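The structure appears right after this line, and notes come after that.
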Amino acid sequence: RSFFFFFSKINVNMSDFKGLLMGMGNPLLDISADVGQDILDKYGVKLDDAVLAEEKHLPIYQELIDNYNAGFIAGGATQNSIRVAQWMLKASGKDNETA
């Protein structure tokens with residue numbers, strides 16, 4: 001994918017802005033579940049590891065949903081970075097700020 005950005009000159013007083021943080025990236029959906037070693041072995045994955053899913057991994061999604069208390073967490077590097085920025089804003093006393 002290619003992204004193209006076009007900028008034009010706009011007269012803006014920068015003191016009118018408090019700041020701007022923007023993130024662009026590919027969203028991911030993490031699925032988290034407590035499973036035994038048997039599930040890891042069945043799908044050929046290691047504990048605390050990340051893999052690119054192949055055809056052999058596809059059934060694990062439904063198995064986690066059907067047989068385990070699977071949690072779904074939106075993520076990806078960009079979204080996680082924005083979450084940290086939002087946490088930092090709140091930690092610095094800027095509770096009404098969003099990221």
Side-chain angles (χ1 to χ4, degrees):
R1 292 187 181 162
S2 296
F3 294 96
F4 298 95
F5 298 95
F6 298 95
F7 297 96
S8 60
K9 186 174 181 181
I10 300 172
N11 292 327
V12 176
N13 183 356
M14 291 306 289
S15 65
D16 292 339
F17 292 97
K18 292 181 181 178
L20 174 70
L21 175 64
M22 181 177 82
M24 296 182 76
N26 295 317
L28 297 176
L29 180 63
D30 294 334
I31 301 174
S32 178
D34 290 327
V35 300
Q37 186 64 43
D38 58 323
I39 296 297
L40 301 177
D41 294 340
K42 179 178 178 180
Y43 292 101
V45 295
K46 297 176 187 171
L47 185 63
D48 296 324
D49 202 3
V51 298
L52 292 175
E54 300 174 24
E55 191 75 29
K56 68 180 182 178
H57 298 118
L58 296 181
I60 196 172
Y61 304 116
Q62 196 61 49
E63 184 169 351
L64 292 175
I65 293 166
D66 291 345
N67 303 324
Y68 299 90
N69 187 18
F72 299 91
I73 304 106
T78 303
Q79 184 167 348
N80 292 340
S81 297
I82 296 297
R83 279 190 184 135
V84 169
Q86 188 170 21
W87 173 82
M88 290 172 67
L89 285 169
K90 289 184 180 185
S92 66
K94 299 178 180 178
D95 291 332
N96 293 326
E97 303 291 332
T98 60

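Side-chain atoms are counted along with the backbone in the values below, which use heavy atoms only and exclude waters and symmetry mates. These numbers were taken from a predicted model, which means no experiment stands behind them. Residue numbers start at 1 and run along the sequence shown.
Considering every non-hydrogen atom in both A70 and I31, the closest pair reads CB-CG2, 4.0 Å. Closest heavy-atom contact between A74 and Q79: CB-NE2, 3.7 Å. Heavy atoms only, all atoms of each residue included: Y43 and E63 are closest at OH-OE1, 2.5 Å.
Contact annotation: the side chain of F72 never approaches that of L64 to less than 4.5 Å [non-hydrogen atoms, C-beta and beyond]. Considering only heavy atoms from C-beta on, K42 stays 4.5 Å or farther from I60 through its side chain. Annotation: side chain of Y68 is not in contact with side chain of D34 (no heavy-atom distance under 4.5 Å).
By the 6.0 Å contact criterion, CG on N69 is open, its count of non-hydrogen atoms from other residues, nucleotides or ligands being 12 or less.
If you chain together hydrophobic residues whose side chains sit under 4.5 Å apart, L58 and L40 fall into the same group. Follow the hydrophobic side-chain contacts under 4.5 Å out from I73 and you never reach Y61; the two are in separate clusters. Note on L28 and V51: separate hydrophobic clusters, where clusters join Ile, Leu, Val, Met, Phe, Trp and Tyr whose side-chain heavy atoms are under 4.5 Å apart, directly or indirectly.
For the atom pair CD (E55) and NE2 (H57), the distance works out to 11.0 Å, reported to the nearest 0.5 Å. Atom CD of Q62 sits about 9.0 Å away from atom CG of N67, to the nearest 0.5 Å.
Listed for the S32 side chain is no donor-acceptor partner under 3.5 Å among the backbone atoms of G71.
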